[in-house]
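Structure first, commentary second.
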Amino acid sequence: MRYRDRLDAAALKRYANALNSRARAVGTSGTLDADALRGVILDSGGRCGWCGVSLMDVDFEVDHIASLHRGGDNAPANLAATCITCNRQKGDQHPARFARQKRAQGSDTALVRRVLAEHGADDAGVQLGLFDETPPPRRVLGLDAPSDDDDAPGSPPPYRW
Ligand SMILES: [Zn+2]
């Protein structure tokens, strides 16, 4: 709650609309409004969901835990505030694969624990196999297609606390 007063309703709306535009561009359902986005940000506690670094006074991004063109959507449960470094590193990887990387690097955030719990070690291989397929062509409207990261810079811009 201590972050709420620092959040800008207009900026939240712009960011949510940008996320919705990207979801529509890849044919994924789900819409996000400013309040839901605020909830995602507040749920982070001001820390990167993947590595736990503080997001105070730095640019951060909203990561699709399952990326949009892998069937993820804009539901709050599929969104996490993350540092830009983690969002770039994760790219289009399966969330369980990335969670395992983060765990190996010593991260034990709630998001890492949740993803590892949802994709237990036993089925991770199957899940990851599916995600190893070549992704479908990107359909990015009017944007320079970023490398392999659907949350790459361009749109929407990083949000600042
Ligand atoms: Zn991070």
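Whatever order the structure lists them in is the order used to number ligands and atoms, beginning at 1. Excluded from the calculations below are hydrogen atoms, water molecules and symmetry mates; all remaining heavy atoms, backbone and side chain alike, are included. Nothing here was measured: the structure is a model prediction, and the numbers come from that model.
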For this session: Check each of Q93, Q89, K90 against Q101 using the side chain to side chain contact (heavy atoms under 4.5 Å, CB included) test, and report the only one that passes.
Result: Q93
Exercise. How about the Zn ion (ligand 1), which protein N, O or S atoms come within less than 2.8 Å?
Worked result: C48 SG, C51 SG, C83 SG, C86 SG
For this session: Answer yes or no: is there a donor N or O on one side and an acceptor on the other, between the side chain of N74 and the main chain of L19, under 3.5 Å?
Result: yes
Problem set entry | S54 versus V58, closest heavy-atom pair with distance | O-CG2, 3.8 Å
Problem set entry | Minimum heavy-atom distance between C86 and F98, given as atom pair plus value | O-CZ, 3.5 Å
Problem set entry | Nearest non-hydrogen partners of A81 and L55, listed with the distance | CB-CD1, 3.9 Å
Problem set entry | S67 side chain vs D92 backbone, donor-acceptor pair below 3.5 Å | no
